[in-house]
Each structure stands twice: as C-alpha cells, then as structure tokens.
2 protein chains.
Amino acid sequence: MPVTRHIPESTIRRISHYLRALEILESQEATTVSSEELAQRGGTTAAQVRKDLSHFGSFGKRGLGYSVAELADRLRDILGLKCRWRVVLVGAGRIGSALFEYPYFVQRGYDCVAVLDSDPEKIGMSWGPVRIRPVEELELVISSLKGDIVILAVPPEAAQDLADRAVEAGVRAILNFAPVQLRVPAEVHVTYVNLVLELEALSFAITQAGSRT
Amino acid sequence: MPVTRHIPESTIRRISHYLRALEILESQEATTVSSEELAQRGGTTAAQVRKDLSHFGSFGKRGLGYSVAELADRLRDILGLKCRWRVVLVGAGRIGSALFEYPYFVQRGYDCVAVLDSDPEKIGMSWGPVRIRPVEELELVISSLKGDIVILAVPPEAAQDLADRAVEAGVRAILNFAPVQLRVPAEVHVTYVNLVLELEALSFAITQAGSRT
DNA sequence: CCTAGATTGTGACTAATTTCACAAGCGACT
DNA sequence: AGTCGCTTGTGAAATTAGTCACAATCTAGG
Ligand SMILES: NC(=O)c1ccc[n+]([C@@H]2O[C@H](COP(=O)([O-])OP(=O)(O)OC[C@H]3O[C@@H](n4cnc5c(N)ncnc54)[C@H](O)[C@@H]3O)[C@@H](O)[C@H]2O)c1
Ligand SMILES: NC(=O)c1ccc[n+]([C@@H]2O[C@H](COP(=O)([O-])OP(=O)(O)OC[C@H]3O[C@@H](n4cnc5c(N)ncnc54)[C@H](O)[C@@H]3O)[C@@H](O)[C@H]2O)c1
C-alpha cells in the first residue's frame, strides 16, 4: 500500500459498495470483473472505480480486469475487516434490538460484546448469550472487554454524556443514532445515522422537482 | 425564493441540522441567533451557514442575526415540511417496526399510511390503527392512498423488484434500508441507509489512524 | 442625528473531487 | 513473434464545494 495520504470519505463509502458487489460476484462464482461492471453495481462510473482503487495501489490486470477474490481480499484489508471488532451497544430499545439481531454485522466481523441500558426493567434481561447490563458499567465494559466501537441507540438527551464517558474510557469510534451532533476530540471518529434527515432530503427533492419551472 | 439552481446535497443535510438546532432554540425561547451560533450547533462554520442559506434567499438582519422563528419557518418551507407526507412502509420486520413506532416522524410531518409485508403470519396483524397488508396491494395502496414516499425495509433480494413496482405505481421518492444500489429512473429520488457502511467507515478510520507513521 | 459595534450576504479565492483521455500493459490468436 | 482488442492506471482538465474577507447595513446608545 502506498504512503497513506488523505482519502476522501466518499471513496471509502464507494469501496464498501464495491466490496458488497464483489461478494455477490463471488457467490456467483465469477472470477474476474471489469471496472465498468463494478461501477454499474456500485452506482458510479468506471473511471471513478479506478481512481478510488488507485488511492491504495493497483490491483487489476490491464486488458483483463480485476480478480474478484483478490480484489475482495484487498478491499477487506483496506476497510479493516481482516480482524474482528468488539462493539458495545448502548440503548436496548427499538433500534438497539434491531441492530443486535441483524446477522450481517457478525458476518462482517462486528461482534456485539455487551449491551447496556438504564431502564431497570431491561437490565438483567438476556438477549441470547448477552445479558443487558446497567449503563453505569460502561467504562468497566469498555476497558475490560476492550470495546473498539460504541453504538449509541439512546435518546438524544443522553447521547453527549455517554459519548464523553465512552471517549474517556478509551473508545476511538462511535456510531450515533441520536439526532444530535456529538462533540468529541479530533482523534475520535463518529458516524451518524439520521433517518429524519434522509426523509427530509427526499421531501426537499420532491418539492424542488415539482416547483421547477 | 430565487431561481432554483442546483443545490448541493450536503447543503440540504446541513439545512436539516440547522432546523433541528433552531427547534431546540425555539424551545428555549431564544428569539434570535447568529450564523456563528448556528454553526456551532450544526457542526460547521459560520461562513458555511451563510453560504448555505444564501442559496435560498436572505433571511437575516445584518448586525443582529436571524429570527429563530422566522428562519425555522423558512427552512421548513425549503425542506418541504409545510405539508404532511404519506409514507408507505414495506417490510414489517425489525427495522420496519422500529421506524413505525418512532414518534418523531409523525411530529415532522411523515405519516405512515400503510404497512405491507409478504409474510402470511404478519399480514392482518394490527399495528395500532394500521393493519398490515399483503405486499401484492403495493400498487393499489400507492395509488388509492396517494403515497408520496416508500420506505423499503425488506431483504436485499426483494428490494429492486419492489422499487420497480413502486416507481411504476407513481412513487417519486424511496428510502432504502436494503444494502443494494437501486436502479430507478432519473426523476425518482432514492436515499440509502446503510449501517454496515457506517461501521466500515469507522473501522477504516481506526485502522488508518493506527497505521499512520 | 451620528457613531460604535455587530453580523449578514456575497464575490473572489482555494481546496477537493470527479471526469476525461490516452499511453501502457496484458492475453489470445495467428 | 506480431498484431489486435480490451482494460487498467494516471496526470491533466473540469467541475464542484468550501473558505475568506469585506462592503453593506442593521441596532443601540449617546
Ligand atoms: N426508532 C427509530 O426508528 C428511530 C429513527 C431515527 C432515530 N432514532 C433515534 O435513535 C435513538 C434510539 O431510538 P429508539 O427508537 O431505539 O428509542 P427507544 O426509546 O426504543 O430506546 C432507547 C433505549 O435507551 C435507553 N436509555 C435511555 N437513556 C439511557 C441512558 N442514559 N443510558 C443507557 N440507556 C438509556 C432506554 O431505556 C431505551 O431502552 C434515539 O435517539 C432516536 O431519536 C430512532
Ligand atoms: N436489522 C438491522 O439492524 C439492519 C441493519 C442494516 C440493514 N438492514 C437491512 O434492512 C432490511 C430489513 O432488515 P430487518 O432486520 O428489518 O429484516 P427482517 O427480516 O426483520 O424484516 C424483513 C421483513 O420484510 C418482509 N419481506 C420479505 N420479503 C418481502 C417482500 N418481497 N415484500 C414485502 N415484505 C417482504 C419479511 O416478511 C420481514 O417481515 C434488510 O435489507 C437488511 O439487510 C437491517
């Protein structure tokens, strides 16, 4: 891999898409794929695919395309999917339980090592092999189970405080479902899932399209 | 509102954030706000806030800032939140039910007018006032209930087919939770929620940061 | 009425990202 | 070995997004 310069966020997103496309191709027992085909499946252009990949090295064979298995392997490496990640889930509500039961995360290397909540009715319940713990144990859980990633699926009022505590306990990555902007030190990475925002993007687009003259 | 040129997607996202910030300010009974303050709450810079707003007109008073109530009103207008949207939810599984029960959608103007599924065990069940219908009724529901937005919370294999049917029935906007890129005509708007992708962005970032020399 | 202090709106500049275009490289076939 | 068809990798060009700096303009207060 070449010297790691800054890689655009959008490139990473597309790399994820390419990997998913490659996995489908793998299951169909395709052995090679062209940038053109990857582009179609990933919803972009062939030139973009090649540019994205060129940030990390050159993995293809001219005249032939990319080896499906080899490229998939390289992309997993790039995305950090060669190891398993320990995820701590905070908030055992609707979103939390949907995530917990989603099998694809485990398949991709994300193991939910602990679930925490503040609701006395939920604490102590068992979700499969995992028992829901009181949220007071957050720091303990992160340090003792070596949590890498915290998922916040809690009400917006609670999110910042929990983020602070998680960061303090050493977590470097947070996935936040609460519709608030978290304030964290620069070395901590946060991604957001904000469903209302997605709907608003849609209603803006429809309104806009309709009112165009 | 000035002639509607192309507005960056990222501007729309930020506008959503500003609106959320303004609603919090409204509840705290603030009457005016500066671009600087909005920027802090929205996680961006003051210049960006002003640039974003300038795409749509000029809403502030120099020397004073923006009227909280007035700006919120204008942003709701821009985002198309002045009317109620009729949402058709396809897939009454884990994600579907979490969405259905989320009160903030209704508060923001998105009403779930129908829920559909293909599972005979689920069809006929009542979710509050809504009865789960067979997915065969998709076209009927969209046209008779005038659905504006379809949410796809179904397995990836089913998503493209359902999207095609929804588009055929006249839907102009789709929110897709299935991890596949949908192929739709250009006039149809699609947004994606892809949780695995968010986690992958995080594991990339952590891996990257660690290996930096 | 006039000045001081604050904050917007915007055009020029800078940075980032995407698209383009094509030389270079590979395999297959003769 | 030589040629042909195809596809990558990549610098350069074009486009798009974001930052900066400041004139314009508002309120408040004397
Ligand atoms: N449900 C949705 O469809 C949806 C959509 C968009 C955004 N969200 C956001 O996702 C977050 C979770 O939503 P949800 O629908 O799962 O909510 P929920 O109310 O179903 O679950 C929240 C859980 O967090 C727990 N909790 C509250 N305070 C806590 C604390 N301090 N520490 C630990 N746990 C705490 C609660 O006991 C509850 O179990 C919210 O911020 C919500 O705004 C949800
Ligand atoms: N649960 C998660 O945390 C999560 C995370 C990321 C992505 N997703 C994606 O979201 C989608 C939904 O996930 P889920 O966890 O809710 O799945 P789920 O299995 O709980 O629910 C899917 C629902 O869709 C229904 N369905 C299947 N085929 C259908 C069809 N042709 N027409 C109508 N309904 C049909 C099923 O009966 C089921 O009720 C999937 O594409 C999944 O990959 C889920």
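A, B, ... follow the sequence lines: proteins, then strands. Residue 1 opens every chain. These numbers come from a predicted model, not from an experiment.
Put simply, NZ on B:K61 is 11 Å from P on D:dA28, counting in whole angstrom units. Distance B:E9 CD to D:dG18 P: 11 Å, rounded to the nearest Å. Taking atom CD1 of A:I12 as the reference point, atom P of C:dT17 lies 11 Å away to the nearest angstrom. Protein atom NE2 of B:H55 is 12 Å distant from nucleotide atom P of C:dG11, rounded to whole Å. If you take CZ of A:R50 and C1' of C:dC22, they are 11 Å apart, rounded to a whole angstrom. Look at NZ on A:K51: it is 10 Å from P on D:dA12, rounded to the nearest Å. In this entry the distance linking CG of B:L38 with P of C:dG9 reads 12 Å, nearest Å. Computed from coordinates, the A:F59 CZ to D:dG9 P distance equals 8 Å when rounded to whole Å.
The residue A:T45 sits close only to the backbone: its heavy atoms come under 4.0 Å of sugar-phosphate atoms, none of a base. Counting non-hydrogen atoms under 4.0 angstrom, B:S10 reaches the backbone sugars and phosphates but no base.
Nearest-nucleotide mapping onto DNA chain C: of A:G63 and A:Q48, the residue sitting toward the 5' end is A:Q48. In terms of position on DNA chain C, the residue among A:L64 and A:T11 whose nearest nucleotide sits closer to the 5' end is A:T11.
Closest approach to the B:P8 side chain among D:dA17, D:dT19, C:dT17 is made by D:dA17 (side chain taken as heavy atoms from C-beta onward). Taking the side chain of A:R62 as heavy atoms from C-beta on, and the options D:dA24, C:dT17, C:dA24, the nearest nucleotide is C:dA24.
In this model, the phosphate group of C:dG9 is not approached by any side-chain N or O of B:S54 to a distance below 4.0 Å at OP1 or OP2. Between C:dT8 and B:S35, a contact under 4.0 Å exists linking OP1 or OP2 to a side-chain N or O. Phosphate contact (OP1/OP2 of D:dG9, side-chain N/O of A:Y66, threshold under 4.0 Å): present.
Contact check on A:K61 versus A:E70 returns no salt bridge, with no Lys/Arg side-chain nitrogen under 4.0 Å from an Asp/Glu carboxylate oxygen. B:D164 has no carboxylate O lying under 4.0 Å from a charged side-chain N of B:R183, or vice versa, which leaves the two without a salt bridge. Checked for salt-bridge contact, B:E36 and B:R41 miss the test: no charged N lies under 4.0 Å from a carboxylate O. By the 4.0 Å N-to-carboxylate-O rule, B:E139 lies close enough to B:R165 to be salt-bridged with it.
B:E9 has its side chain out of reach of B:R14: every pair of non-hydrogen atoms, C-beta onward, lies at least 4.5 Å apart.
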